[in-house]
Amino acid sequence: MKKQEIKNKKIDFHKIEKKWQEKWEKKKAFEVKEDKKKKKYYVLEMFPYPSGSGLHMGHTFNYVIGDIYARYMRMKGFNVLYPMGYDSFGLPAENAAIKAGENPKKYTEKSIKNFIKQQKELGLSYDWSRIVMSHTPEYYKWDQWIFLKMFEKGLAYKKKASVNWCSKCNSVLANEQVHNGKCWRHEDTDVEIKYLEQWFFKITDYAEELYDSIDSLTEWPEDVKAMQKNWIGKSYGAEINFKINGENWPIFTTRADTIYGVSFMVISAQHPRLMELVTKEQKKEVETFLKKIKSTSEKDANELEKEGEFTGSYAINPMNEEKVPVYTGNFVVADYGSGMVMAVPAHDKRDFEFAKKYGLPIRQVIRKLKAPIRSYVMGSENISEKDFTSINIKIVEKTSDGDYKIEIPKESIKKYEELIAKKMSPGFWNEYIAEEVVFLFKHKDGKIERLVMNDKNLERIDKLACEFIENSDDVEVFDKLRTSVRGTLRASKSPEQDTQGLFDEKTISSEFSKGQFLKTSDTINRIVHNNQKYDPKSTDNYINGAIANNSWYQPLIVHEEEGILINSSEFTDLTSEEAKKQITKKLEGIGLGKEKIQYKLRDWLISRQRYWGTPIPIIYCEKCGAVPVPEKNLPVVLPDKVKFGEGNPLAGNKEFVNVKCPKCEGKATRETDTMDTFVNSSWYFLRYCDPKNKNKIFDKEKAAYWMPIDTYIGGKEHACMHLIYFRFYTKFLRDLGLINVGEPDKVLFNQGMLHGEDGAVMSKSRGNVVLPETVSKKYGIDTARLFLMSIASPDKDILWSDKGVEGSSKFLKKVVEYIENFEKPSQNFQNSLRRTLKEGKNIDYSKSSIRNFKKGKSSAKLEHKINKAVKGIDEDIKKFRYNLAVIKLRMLFESFDSEISKEDLEKFVKMLSLFCPHVAEEFWEMLGNKGFVSLSSWSEVDESKIKEEFDKADRIIESTIGDIINILKLLKEKQNKEGNKIYLYVLPQEINFYDGEEIAKRVGKEVKIFVVNDKNKYDPQGKAAKAKPGKPAIYIE
RNA sequence: GCAGGAGUAGCGAAGUGGUCAAACGCGCGAGACUCAAGAUCUCGUCCCUUAGUGGGUUCAGAGGUUCGAAUCCUCUCUCCUGCACCA
C-alpha cells in the first residue's frame, strides 16, 4: 500500500526547486566577502561562451561538478568564492548575430540572460553578485589597460607577419586556431597565408618561465602538463653561423655533433629574406617553385612531399670550410629558429629524403654505439617460444676495455641447469645479442629507476653501475638485465625497420661474422616456426642468401640516434654528447656559434579584423606614428552602429576611426582591429576578486586574499591555449606588482564529456541533446544532478541514459518517503507536508508539530554506518570521486532503520545536499531547522563510533540468509518440503554477530540460534560440527 | 612518429599486493504482492556441482617477481586524446 504510493505520488520537484532558488537569491546565501579571519577557497569553472542555443545536459554535468565542490568546501568552513561570468566577445556571437540579422550586443545579451536563467535552474551556488561579462566596457576597459601596460613594457608590438587567414571568419587566426591547416571553427576551410601588419604579445619573453614552472604545478593532470611542455617546446642546442655571400646566417641545431655531415642548407620558402640568397640565374626557378607550393594548399604534413629549389648561393661550413649549396624548401618552418637549417642527410630523416630526391651527397658522421653488454637467450633443442627463458645477470665489475664482468646469480644458474637436465641444449645460447636490456636500479631512498639500455641511456647506466660497484649501499642493481625474446622475434619480422647504422655490405658481413648482427635473428624465427633443430650451417647459408638477394636488408637507413663520431676531424671517436659540447665550444671560440635554448612557442598574435571584440587602444598619427590611447581616455568603446558586410566593420565607422592624435592633436585614425577573445579570458579570474572596481583593474588586497584559484574546472580542450595564456597574464601582472602569485591555479580538474544515448558527444548538431528542462520536468533537477554524478568518475567521458536516470529518481523518491514518515508526525503535519510536496506551498514549521519531534535513537550499528559514510564521502568528494560518494550515500540510506536520531538523519541530509540541494533544503526544513542546509557545517566524524565488527556481522548475516534461502529453495525443489524451523549453530566467539530477529524477519521463518559446544541443546544429526568461522551450521526442519 | 590515457562480468563502472568470483547501477532471470499489467519488495545472475557445500576458469594477450597478482615488472596487441616536417 505504502510502496504503491511512491510511484503514484507526484512530488512537485519543480515547486521545491523554485522555492529554494528564490530563497537562496533573496538571502544572498552564496555571496561572499573577503574575511581575513576565514580561510578562503576559490572554485572556478572556465568562463563559458554564452551560446545562443543555451544549455544542455553536458553543460549541466560540467557546472554541477564545480557546484558540488564549492558546496562541500563551504560546508567545510571555508570562505568560498564561486563566481560565474561570460566570455561574451567573439566570432561565434558576431557570426550568429549577422545571420540572425541582429546586433551582436543585443544577441549576446539575450543569450546571457537565457544562460543565467538556465544556470539558476540547476541550483548552482554561484555568487551572482560578482558576475563579469567581457563585452561590457567596464570589463574590456581593463583589457585595454593591460594592453597599454604591455605596450609600455615592450611586450605589445606590431609587425608585418605572415598570418593564418580564414576566409570564412574573414579574419586572422592564431597558430593555436589552425588545426591541420584548417580553421578550428571551419573544418572545411583551408587556412591561407597572408602578410599583414599585426599586433603581437611577446609571450616568448616568458617562455622559459612558462616552461620551467610547469613542474611546480603538482596538482595539474599529467597530460595537460605534457601538452604544454610539448607546445612550448624547449630544445637545447646551438646557434651556428654559416657564411653565405660573405654574410653570417645563423641556424639553430640540436645536433651540433653532426656538423661534419652537413652537405647542404635549406632556407624556408616563407623566409622573409629568402630572395637575398637567390641568384639571378636561379630566380626564375625559385619563383616557379614558390608559386607551386603556394597553389598547393596546406595538406597534412605527412602527405606533403619535401620539395625545394637551389637558390644559387653557397654556405660555408664554419667547422671545415666546406662549401655547400643553399636550397629553399617547403619543409622548413619559417618562424622556428632562424628559418634555416643545416642539412645532415645521413642523420636526419627529412634531410635524407630531400637529399635523395635532389641527388645531394650523404655523409655518415655518426656510428652506432656498440652495446657493451651481452645478454643471452637460452632455449631448448626442440624449441618453441615457450621454451625460451632469460637468465639474470648482475654486473660485478667494469673492465678496462669497456666491457663488464658479470655474475650469474644462483637462481639463474639453477634455471640453466634445469634446462640442461631436461636435455635442452645450451648450444646456441651464446649467439644472440640482446635486443633490449633493461636495468632497474634501486636507489637509497627506495626509488627505482628503470632504464632501457639504448645509446641514450648508456652513460647513465654506466654511471649507476659503477656507483653500484664502488658503493653498494648507494645504488643497487635491483632487478636484472633482461633480454626480450619476444622483442627479438618481433624485430625479425620487420627487419628493415631495425637495421640501423650500417652503411655498407662490407660492414654487414663483418658484423655478421662476429655474430653481432644476429639480433634480427631470423634464425630463431625460423626455428620457432618450423620447429627445426638449430643448424649453424644452414643458418649461415640463409643469412648469406638474404644478404645476396637483398630481401630483407636495405643498405641505407638514416641513423638518427646519437652515437660515436666518425669522419669528423679531431672530434672523431667522441660520443655525440661530448662532441656537441666541444664543437659548440670551438665555434664559440671563433665567434661563429654559441649554446642556445630554442622554444617552439611563438609570440601571440592578438589582432583580429573583426568587430565583436575589445578595440585595441592605439591611434595612428601621421606624425607621431602609433600612439597609445592615454589611460584616462579608456575605455575605447566599441561603437554600436556598424555595417556588416565587407571587410572590417569598424573601419567603416568614421566617427570611431577619425580622431585627434593624443600627442600632437593632429589628424589621426584609430586602430580598427580588435583583440583575440583569449585576451578576455586570460585574467577574468582576477576581476572576480573585485568585479565592480571602477578605478582599478582590481584591488590588490582583495586579489591577494582570493588568489590563486584553488580548484579550476574545465575541459581538456583548453590545455594549450587558454591555460597557457592565463599563466602568461598572471606572470605579467605579477611583474607589474599587482598580484603576488606566479601561477593562477593550484588544482586543475578536467571533466569528461557527456555523450548522448547514441554514444556520440552530446551536441546540438548531432541532435542527441538532452535538455535539463526536460529531465527536470519529469524527475526534478536534483535527480538529474544525482544521476550525472553517479555514472562514473567525473573526469571520464560518460554516457547519458534515460533508463539510468530512473534509478536515481527511484532512490530520491524513497528518501522522500522515508523522511516524510519520519517519526510519524501528526495527521495535520502530514497533510501540510503533502501539500508542500505537491504544491510547493510554504509551511511555517515553527507552528507545526515538527518542532516537537521526539528524537529517535540510532542503533550503534547505524551510528557506525553513518560515521563511516561521512568519513568516506568526505574523502571521495575531496578527490572528485563523486560517483563513489553517491554509492556510499545510497548504501547508507539502505541501512537506515525505522528508528534514527534526528542528528543522524541530518547528517545524511547534509551529504545529500551536495548532490540534491533543493530537496535537501526541503528535508532540512521538514526536520525543523532554520536557515539553509547549504550553509550548515559538514558533520564531524566520531571515530569511536566506527566499529568494523558491525560490517563483519552484516556480512555474516547476509551470507547466512543467502544460505538459508538457498537451502529452502533446494528443499522445495528437490524434496517438495517447506522448511519451517531453522536452527543455527554458531561458534561461541561469533555469537554476538548473529541477530536472530533480523534473520527471522528476512527469511520469514522461525529461527533458533545455538552455540556449537552447547551440548545440551538440540542438535539433530550432529550438524553443529559443520560450523566454521564466519559460517554457522544450518539445519532446517 | 612523439607524448598522455585506457582495456575488468551482457552493458556502465569500482577495485591498485591477501578480506576478490570482483562494490554499486542498468539489463536479464526467479519468487512475493496483484484479477491482471505496471510499480514495489526479496533472491539470483562466470562454469560445474551441492541442503547452506565443494571445485574449476577469469580482470586485453604472453611471460616474470612473490607464499600470494586484476593490482608490481617485461614484452605484445587494441582503442582514445593531443601534437605533428620545431632541425
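Sequence lines set the chain letters: A, B, ... in the order given, protein chains first and strands last, and positions in each chain run from 1. The figures that follow rest on heavy atoms only: side chains count, while hydrogens, waters and symmetry mates do not.
- A:Phe880 has its ring centre less than 6.0 Å from the ring centre of A:Tyr882.
- Side chain of A:Val333, nearest nucleotide from B:C41, B:A87, B:G4: B:A87.
- Pair check for B:U57 finds none; no Watson-Crick or G-U wobble contact set falls under 3.5 Å.
- When the C1' atom is compared between B:G7 and B:U71, the two are found 14 Å apart, to the nearest whole Å.
- Residue contacts for A:Ala343: at a heavy-atom cut-off of 4.0 Å it reaches no nucleic acid atom on any strand shown.
- Regarding A:Met789, its CE atom lies at a distance of 15 Å from the P atom of B:A13, rounded to whole Å.
- Mapped onto RNA chain B by nearest heavy atom, A:Ile1036 and A:Gly337 fall at different nucleotides, with A:Ile1036 at the one closer to the 5' end.
- Under the 3.5 Å distance criterion, the side-chain polar atoms of A:Lys225 are matched with a main-chain donor or acceptor of A:Leu217.
- Nearest nucleotide to the side chain of A:Ile967, out of B:C24, B:A51, B:G4: B:A51.
- Nucleic acid contact class of A:Ser235 (heavy atoms, under 4.0 Å, all strands): sugar-phosphate only.
- Regarding A:Ile791, its CD1 atom lies at a distance of 20 Å from the P atom of B:A23, rounded to whole Å.
- Between A:Lys879 and A:Glu875, at least one side-chain nitrogen of the basic residue sits less than 4.0 Å from a carboxylate oxygen of the acidic one, meeting the salt-bridge criterion.
- With distances taken from any side-chain atom of A:Arg955 to the nucleotides B:A3, B:U19, B:A87, the minimum falls on B:U19.
- Across all strands shown, B:C20 has no partner, as no Watson-Crick or G-U wobble contact with both distances under 3.5 Å is found.
- If A:Gly339 and A:Gly962 are placed on RNA chain B by their nearest nucleotide, the residue sitting closer to the 5' end is A:Gly962.
- If you check B:C35 for Watson-Crick or wobble pairing at under 3.5 angstrom, you find it has no partner at all.
- Partner assigned to B:A13 is none, using Watson-Crick or G-U wobble distances below 3.5 angstrom.
- For the pair A:Lys888 and B:A14, the criterion of a side-chain N or O lying under 4.0 Å from OP1 or OP2 is not met.
- A 3.5 Å limit on both hydrogen-bonding distances identifies B:A30 as the Watson-Crick or G-U partner of B:U42.
- Separation of the C1' atoms belonging to B:G15 and B:G25 is 16 Å when rounded to the nearest angstrom.
- The gap from the C1' atom of B:A22 to that of B:U58 amounts to 10 Å, rounded to the nearest Å.
- Annotation: B:U74 and B:U65 have their C1' atoms spaced 11 Å apart (nearest Å).
- As a whole-Å value, the separation of A:Arg890 CZ from B:A23 C1' is 13 Å.
- Taking only side-chain atoms of A:Glu958, from C-beta outward, the nucleotide of B:C83, B:A87, B:C43 with the closest atom is B:C43.
- If you take atom P in B:A3 and the same atom in B:U8, they sit 25 Å apart, rounded to whole Å.
- Proximity of a side-chain donor or acceptor of A:Lys600 to a complementary backbone N or O of A:Asn230 within less than 3.5 Å is detected.
- Within the nucleic acid shown, A:Met891 comes within 4.0 Å of sugar-phosphate atoms alone, with no base atom in reach, counting heavy atoms only.
- Using N1 to N3 plus N6-O4 or O6-N4 for Watson-Crick, or N1-O2 and O6-N3 for G-U wobble, each under 3.5 Å, B:C79 pairs with B:G5.
- The nucleotide whose nearest atom lies closest to any side-chain atom of A:Lys810 is, among B:A87, B:A51, B:U40, B:U40.
- With a cut-off of 3.5 Å on both pairing distances, B:A84 has no Watson-Crick or G-U wobble partner at all.
- Atoms CZ (A:Phe331) and P (B:A87) sit 13 Å apart, rounded to a whole Å.
- Put simply, A:Tyr336 has a side-chain N or O that comes within less than 4.0 Å of OP1 or OP2 on B:A87.
- Nucleotide B:G63 is matched to B:C73 when pairs are restricted to Watson-Crick or G-U wobble geometry with both distances under 3.5 angstrom.
- When the side-chain nitrogen and oxygen atoms of A:Lys349 are compared with OP1 and OP2 of B:C85, none of them lie within a distance under 4.0 Å.
- Using a 4.0 Å heavy-atom criterion, one finds that A:Val224 contacts no nucleic acid atom at all.
- A side-chain donor-acceptor contact under 3.5 Å links A:His347 to the backbone of A:Val365.
- Between B:C59 and B:A21, the two P atoms lie 13 Å apart (nearest whole Å).
- Side-chain contact annotation: A:Glu806 with A:Tyr779, donor-acceptor N/O pair under 3.5 Å present.
- Per the geometry, CD1 belonging to A:Ile965 stands 12 Å off C1' belonging to B:C41, to the nearest Å.
- Checking B:A13, B:A87, B:C24 against the side-chain heavy atoms of A:Ile887 singles out B:C24 as nearest.
- Within the 4.0 Å cut-off from OP1 or OP2 of B:A13, not a single side-chain nitrogen or oxygen of A:Ser793 is found.
- Atom CD of A:Glu806 is separated from atom P of B:A39 by 9 Å (rounded to the nearest Å).
- Between the CG atom of A:Asn230 and the C1' atom of B:G5 there is a distance of 15 Å, rounded to whole Å.
- Taking atom C1' on both nucleotides, B:U53 is separated from B:U42 by 23 Å, rounded to a whole Å.
- Taking the charged nitrogens against the carboxylate oxygens, A:Lys952 and A:Glu949 have no contact shorter than 4.0 Å, which rules out a salt bridge.
- At whole-Å resolution of the value, CG in A:Leu884 and C1' in B:G12 are 14 Å apart.
- Distances shown here put every side-chain N or O of A:Lys969 at or beyond 4.0 Å from the OP1 or OP2 atom of B:A32.
- Nearest nucleotide to the side chain of A:Val341, out of B:G4, B:A87, B:A13: B:A87.
- Nucleotides B:A13 and B:A87 are separated by 38 Å at their P atoms, to the nearest Å.
- Under the 3.5 Å distance criterion, the side-chain polar atoms of A:Gln270 are left unmatched by any main-chain donor or acceptor of A:Val333.
- Between A:Phe264 and A:Tyr358, the distance separating the two ring centers is not shorter than 6.0 angstrom.
- Distances shown here put every side-chain N or O of A:Lys803 at or beyond 4.0 Å from the OP1 or OP2 atom of B:C11.
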